[in-house]
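A short worksheet on the structure shown next.
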Amino acid sequence: MSIQPEVIKAISNQFGPPSDPLPLPATAEIITENAIKLAGQTPNARQKFIFQNLTRHLHEFVKETDITTDEWMSAIEFLTATGQKCTDLRQEFILLSDVFGISALVDALNNPLVGNATESSVLGPFLTADAAEIPHGESIASEGKGDYLLVKGRVLNVHGDPVPNATIETWETDENGFYDTQYVNRTAPDCRGRLKTNAEGRYQYRAVVPVSYPIPGDGPVGELLEIMHRHNNRPAHLHMMIEAKGYHKLVTAFYPEGDPFITSDSVFGVKESLVVKLTTIESDEEAKKYGFKKGPFKLLERDLILTTVEETEKARRKISEKNTLKDTKFV
């Protein structure tokens, strides 16, 4: 009795051929038509709309750019390498989305400006789930991570009412331009924290002055930027994400003025309203009052204005009605 070789078996799924036979592709156009027809079998209406349009745009891109077989294979290898570079602490695909401006575009469409609300910014790939809970006024950064920064303000709604018990998640690089996740010997979160607003909607914490830094260049995305002759730097910024019951989640960041990369952020995250001025406080007495060992320190005082879920959805519907394809006819 012969020994059967071990195989990695592919298993057929539950679906059979379409009820209407597809024409064999005698032309390139028929390939596109068939692919769109098959995407049209998707039961969920929203998914069907997305898959059919994605198929149409991808096929148009291939035809408009006259992609060669070698270029197509290079793209496959690039995407494969992008996936292989991802870990629990590093998301190369988010980085890829960032540098093409897709993250910023999705952010802009899904977080429309409502009245005097704080504008959003890109999430970036360095948010983690293990940030420590920080009491009011305490520090998100261990000693020696950079120049002192005090961050304070209120969380309010668009009418000026305080939002108590809002959760603020905040993260930044150290003075060397590295997030804690970039250190090989990382044992605990640093330069990041989670805190709550008090009954008056106030928040306060100590941090370090952010610095500009290059996004990771040791992977496929870094190689891509070199091919494009684009710099891979982000201007200095402090991330903040605010959540409160009944309010739309705000993901934003603040960018100290004067940074040379403000107008050419490699991930298109800077908005004019998010560029801030840091005030210098020289007094040792003031520094110690806020928990620093000595002066000077920088002060960032900024109110965070949230919109309700309903306010955001109303504004988003207006953008959606303007941008979304109407009466798209697929074969």
Side-chain angles (χ1 to χ4, degrees), residues 61 65 71 73-109 111 119-128 141 145-147 149 169-186 189-192 207-241 251-276 278:
F61 172 79
T65 56
E71 289 168 338
M73 183 53 70
S74 293
I76 297 296
E77 292 171 349
F78 173 83
L79 292 174
T80 300
T82 300
Q84 291 170 338
K85 198 67 178 176
C86 295
T87 68
D88 290 341
L89 294 176
R90 174 169 175 172
Q91 238 302 346
E92 192 79 359
F93 265 110
I94 290 181
L95 204 59
L96 178 61
S97 173
D98 289 347
V99 301
F100 273 113
I102 302 300
S103 301
L105 178 59
V106 171
D107 170 71
L109 294 176
N111 299 279
E119 286 195 278
S120 62
S121 188
V122 293
L123 176 68
F126 293 106
L127 174 66
T128 68
K145 286 295 181 177
D147 294 334
L149 172 67
E169 185 118 10
T170 181
W171 64 103
E172 63 172 334
T173 66
D174 59 20
E175 65 181 354
N176 297 314
F178 296 119
Y179 289 92
D180 58 350
T181 57
Q182 293 177 277
Y183 286 97
V184 177
N185 62 348
R186 179 187 192 265
D190 203 352
C191 293
R192 64 178 71 241
V208 295
V209 176
V211 298
S212 57
Y213 64 90
I215 61 175
D218 61 340
V221 174
E223 294 175 7
L224 177 69
L225 292 180
E226 289 193 3
I227 291 171
M228 292 181 173
H229 283 207
R230 282 178 54 186
H231 76 71
N232 65 332
N233 291 289
R234 293 218 64 201
H237 59 278
L238 174 71
H239 290 279
M240 297 182 76
M241 181 170 72
V251 177
T252 192
F254 294 108
Y255 301 81
E257 63 183 12
D259 192 289
F261 299 110
I262 283 279
T263 59
S264 63
D265 182 6
S266 61
V267 305
F268 309 95
V270 183
K271 296 175 181 177
E272 187 174 359
S273 69
L274 302 179
V275 178
V276 296
L278 302 183

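The model shown is predicted, which means the values in this text are computed figures rather than measured ones. Residue numbers run from 1 in the order of the sequence given.
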Requested in this report: Step by step, work out the side chain to side chain donor-acceptor pair (under 3.5 Å) result for Ser266 and Asn232.
Outcome: CA-CA 6 Å; Ser266 61; Asn232 65 332; over 6 Å; no
Query raised in the report: What's the spacing between Thr181 OG1 and Trp171 CH2 if we round to 0.5 Å?
Result: 11.5 Å
Requested in this report: Go through the steps for Glu257 and Ile262 under the test side chain to side chain contact (heavy atoms under 4.5 Å, CB included), then give the verdict.
Outcome: CA-CA 8 Å; Glu257 63 183 12; Ile262 283 279; over 6 Å; no
Report summary line: CG of Asp259 to OG of Ser212, rounded to nearest 0.5 Å, is 4.5 Å
Query raised in the report: Distance-only, no hydrogens or angles: does the Arg230 side chain make a donor-acceptor pair with backbone N or O of Val99 under 3.5 Å?
Result: yes
Report summary line: Here the pair of heavy atoms bringing Val211 nearest to Asn176 is CG2-C, 4.5 Å
Query raised in the report: If we only count heavy atoms from C-beta on, is the Leu238 to Val276 side-chain gap below 4.5 Å?
Result: no
Report task. Taking the side chain as every heavy atom from C-beta outward, state whether Pro256 and Val209 have any atom pair closer than 4.5 Å. Result -> no
Query - Flag side-chain contact, heavy atom, 4.5 Å: Thr263 against Val270 - result: no
Query raised in the report: Any side-chain heavy-atom pair from Gln91 and Leu127 closer than 4.5 angstrom?
Result: no
Report summary line: Residues Asp180 and Pro189: closest non-hydrogen pair is OD2-CA, 3.3 Å
Query raised in the report: So, do Pro210 and His237 sit near enough that their side-chain heavy atoms are less than 4.5 Å apart?
Result: no
Query raised in the report: Where does the angle between the aromatic ring planes of Tyr183 and Phe178 fall among parallel (under 30°), tilted (30 to 60°) and perpendicular (over 60°)?
Result: perpendicular
Report task. Flag yes if more than 12 heavy atoms outside Asp218 fall under 6.0 Å of its CG atom; otherwise flag no. Result -> yes
Query raised in the report: Taking all non-hydrogen atoms of both residues, which atom of Arg234 and which atom of Asp265 are closest, and how far apart?
Result: NH2-OD2, 2.6 Å
Query - Shortest non-hydrogen contact from Pro235 toward Tyr255 - result: CG-CD2, 3.8 Å
Requested in this report: Any chance you could measure Ser103, atom OG, to Asp98, atom CG, to the nearest 0.5 Å?
Outcome: 3.5 Å
Requested in this report: Could you tell me whether a side-chain N or O of Thr252 sits under 3.5 Å from a main-chain N or O of Glu119, the two making a donor and an acceptor?
Outcome: yes
Query - From Glu172 atom CD to Tyr213 atom OH, the distance as rounded to the nearest 0.5 Å - result: 10.5 Å
Query raised in the report: Sub-3.5 Å donor-acceptor pair from the side chain of Thr173 to the main-chain atoms of Tyr179, do we have one?
Result: no
Query raised in the report: Is any side-chain heavy atom of Leu95 closer than 4.5 Å to a side-chain heavy atom of Glu92?
Result: yes
Query - Residues Leu149, Leu278; criterion side chain to side chain contact (heavy atoms under 4.5 Å, CB included); working and verdict - result: CA-CA 9 Å; Leu149 172 67; Leu278 302 183; 4.2 Å; yes
Requested in this report: Measure the CZ-CE distance between Phe78 and Met73 for me, rounded to the nearest 0.5 Å.
Outcome: 15.5 Å
Query raised in the report: Can you tell me how far the CG atom of Leu96 sits from the CG atom of Leu225, to the nearest 0.5 Å?
Result: 9.5 Å
Query raised in the report: Do Phe93 and Leu79 pass the side chain to side chain contact (heavy atoms under 4.5 Å, CB included) test, and can you show the C-alpha distance, the side-chain angles, and the key distance before you say yes or no?
Result: CA-CA 9 Å; Phe93 265 110; Leu79 292 174; 4.1 Å; yes
Query raised in the report: Under a 4.5 Å cut-off applied to non-hydrogen side-chain atoms, are Thr128 and Arg186 in contact?
Result: yes
Query - Carboxylate-amine/guanidinium contact Lys271 Asp107, below 4.0 Å - result: yes
**Report entry** Any donor-acceptor N/O pair, Thr80 side chain to Ile76 backbone, under 3.5 Å
**Finding:** yes
**Report entry** For the student: nearest non-hydrogen atoms of Cys191 and Val208, plus distance
**Finding:** SG-CG2, 4.5 Å
Requested in this report: With the side chain counted from C-beta on, respond yes when Phe100 and Leu224 share a heavy-atom pair under 4.5 Å apart, and no when they do not.
Outcome: yes
